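What follows is a single structure, written as structure tokens, with notes after it.
Remember, it's a predicted structure, so these values are computed and weren't measured experimentally. No hydrogens, no waters, no symmetry mates; every other heavy atom, side chains included, goes into these values. Residue numbering restarts at 1 for every chain, and letters A, B, ... go by the order of the sequence lines.
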Amino acid sequence: APSPLSSRQLVSALHNLTRHVVYRGLTRAEDILCLFPENFHQNLKNLLTKIILENISAWRNEAQANQISLPRLVDMDWRVDIKTSSDSIVRMAVPTCLLQLKIQEDAALCGNNPVVSALTVELSKETLDTMLEGLGRIRDQLSAVANK
Amino acid sequence: VSSQQFSALTEVLFRFLTEPKEVERFLTQLSDFATMNKISLGPLKNIVKSILLVPNGALKRNLSSEQVRADFIALGLSEEKAGYFAEQWKVNSPTLTRLAVGQTLMINQLIDMEWKFGVTAGSSELEKVGSIFLQLKLVIKKGSQLENVYVELTLPQFYSFLHEMERVKTSLESFS
């Protein structure tokens, strides 16, 4: 019967193998097969390779999603209000935008309980115009990079 | 107070109203006026305080220059001087209105936005990545303090954000 120590070693070895495959971005069966030692059980080797290949893109995506990063935008909502009155002017009709950004803290720091905070920001028409100018410039820079 | 002196005083008043931060300049100009016209500063300041109430009230209630003129005449000012003041009011009221609207309460006002984008080359988990990220730094005014908020967006999120902001612009424009 397998001892706790040897089970742990087994899990650890499997973990190292899969991490290595994901890290190197190996996608071909031959590349994975040649990682096994020479006298490794043939059928087991093929089975493990098959399972690894099936899971590779899911693991890769997960690794990328869990990368360290700045807080990430997860959702965004907006609404437009009309300000009709204030303590400095009794009657006016000024449209203003409220933008709510849902931001998730660094996934790597939070593990399985990511902290999501909501930030509400108010934008006047002028601020929005300036922001759109900036976003337009980003879009132009991105297309320039993509077309190179 | 002669009409010339009154026009000079009105000018000083309106210059202060359109640039309310220039308090020192205003006070200096007032005391210059007092010395030049041999009026003592104390009573002058009191008069100016009462005069300033009129444009502030007028601004709050969106009064026309006709109504401002009528108000001043009711307060005992000569027709000529009231007319002059009302004229000045007409000229300056767009600026004054804009200033008052600008003072209106704003929640977490967005002051500035900076960005950078780049490519993630590799990580501890993945040797070669090659994904593009966009990082935004938003400077937000919370009460009287400025706060920096850093957010990362993927490209699809960026395009979607841009699209939404364009929809907001259309919405704001339809209400202006």
Side-chain angles (χ1 to χ4, degrees), chain A residues 19 22-25 59-60 62-64 66-83 85-99 101 103 106 117 119-125 127-132 134-139 141-142 145-146, chain B residues 56 59-62 97 99-115 117 119-120 122-129 131-138 140-141 147 149-155 157-162 164-169 171-176:
Chain A
R19 276 191 69 171
V22 169
Y23 182 74
R24 289 307 219 74
W59 287 336
R60 218 186 137 77
E62 211 182 295
Q64 221 167 315
N66 289 336
Q67 236 161 233
I68 53 167
S69 74
L70 285 184
R72 291 193 190 147
L73 183 70
V74 289
D75 199 8
M76 161 211 163
D77 281 316
W78 58 266
R79 86 175 191 215
V80 166
D81 285 349
I82 311 273
K83 297 202 247 212
S85 165
S86 82
D87 58 328
S88 43
I89 281 204
V90 164
R91 245 188 34 180
M92 58 177 169
V94 178
T96 187
C97 169
L98 286 175
L99 176 65
L101 302 170
I103 299 179
D106 187 354
S117 58
L119 174 70
T120 306
V121 171
E122 188 171 340
L123 304 160
S124 67
K125 188 167 176 307
T127 313
L128 178 72
D129 286 337
T130 312
M131 183 195 231
L132 273 174
L135 293 178
R137 259 179 283 152
I138 298 178
R139 181 194 49 205
Q141 285 174 357
L142 282 172
V145 167
Chain B
N56 280 335
L59 193 60
K60 246 192 172 162
R61 289 160 14 232
N62 286 338
T97 313
L99 276 174
V101 170
Q103 273 172 0
T104 312
L105 183 67
M106 277 199 103
I107 321 272
N108 288 352
Q109 189 181 6
L110 180 66
I111 307 282
D112 196 17
M113 174 177 97
E114 288 173 27
W115 75 83
F117 60 86
V119 178
T120 305
S123 75
S124 46
E125 299 293 312
L126 302 164
E127 195 179 26
K128 290 198 199 83
V129 180
S131 58
I132 301 185
F133 61 82
L134 174 70
Q135 286 172 356
L136 287 182
K137 171 181 157 191
L138 305 170
I140 301 193
K141 192 163 180 203
E147 188 181 304
V149 176
Y150 296 90
V151 178
E152 199 170 289
L153 281 77
T154 63
L155 278 197
Q157 280 177 324
F158 165 69
Y159 285 113
S160 157
F161 184 63
L162 174 59
E164 287 303 306
M165 291 291 100
E166 284 176 343
R167 286 177 73 199
V168 175
K169 180 175 162 129
S171 179
L172 284 179
E173 279 177 348
S174 69
F175 287 116
S176 302

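The distance from atom CD1 of B/I107 to atom OG1 of A/T120, rounded to the nearest 0.5 Å, is 9.0 Å. Atom CZ of B/F161 sits about 5.5 Å away from atom CE of A/M76, to the nearest 0.5 Å. Atom OG1 of A/T96 and atom CZ of B/F175 lie 12.5 Å apart (nearest 0.5 Å). Atom CZ of B/F158 and atom CZ of A/R139 lie 7.0 Å apart (nearest 0.5 Å). Atom CD of residue B/Q109 and atom OG of residue A/S124 lie 6.5 Å apart, to the nearest 0.5 angstrom.
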Q) Should A/K83 and B/M106 be marked as a side chain to side chain contact (heavy atoms under 4.5 Å, CB included) after you check the CA-CA gap, both sets of side-chain angles, and the distance that decides it? A) CA-CA 10 Å; A/K83 297 202 247 212; B/M106 277 199 103; 3.6 Å; yes

Q: List the steps, then state whether side chain to side chain contact (heavy atoms under 4.5 Å, CB included) holds for A/L135 with B/M113.
A: CA-CA 10 Å; A/L135 293 178; B/M113 174 177 97; 3.9 Å; yes

(Q) side chain to side chain contact (heavy atoms under 4.5 Å, CB included), that's the test. Do A/L142 and B/L134 meet it? Break it down for me. (A) CA-CA 10 Å; A/L142 282 172; B/L134 174 70; 5.9 Å; no

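Of all heavy-atom pairs spanning A/R72 and B/V151, the tightest one is C-CG1, 4.3 Å. A/G134 approaches B/W115 most closely through the heavy-atom pair O-CH2, 3.7 Å. Nearest heavy-atom pair across B/L110 and A/T127 is O-CG2, 3.5 Å. A pairwise comparison of heavy atoms in B/S171 and A/V80 identifies OG-CG2, 3.5 Å as the closest pair.
Listed for the B/E152 side chain is a donor-acceptor partner under 3.5 Å among the backbone atoms of A/L70.
Under the rule for a side-chain contact (heavy atoms from CB on, under 4.5 Å), the partners of A/Y23 that lie at least two apart in sequence or sit in another chain are B/E127. Every side-chain contact (heavy atoms from CB on, under 4.5 Å) that B/T154 has, sequence neighbours left out, goes to B/P156, B/Q157.
For A/L123, the parts lying under 4.5 angstrom from a heavy atom of chain B are both the backbone and the side chain. For A/T130, no part lies under 4.5 angstrom from a heavy atom of chain B. With a 4.5 Å cut-off on non-hydrogen atoms, A/R60 touches chain B through its backbone and its side chain both. For chain B, the nearby part of A/L128 is the side chain; its heavy atoms alone come within less than 4.5 Å. Of the atoms belonging to B/E164, heavy atoms from both backbone and side chain fall under 4.5 Å from chain A. For a residue to count as touching a neighbouring chain, one of its non-hydrogen atoms must lie under 4.5 Å from one of that chain's; by this rule A/S85 does not touch chain B.
Two residues are said to be in side-chain contact when any heavy atoms from C-beta on lie closer than 4.5 Å; A/V121 and B/I140 meet this criterion.
The most heavy-atom pairs under 4.5 Å with chain B, out of A/I138, A/D129, A/V90, come from A/I138. The most heavy-atom pairs under 4.5 Å with chain A, out of B/K141, B/M165, B/E166, come from B/M165.
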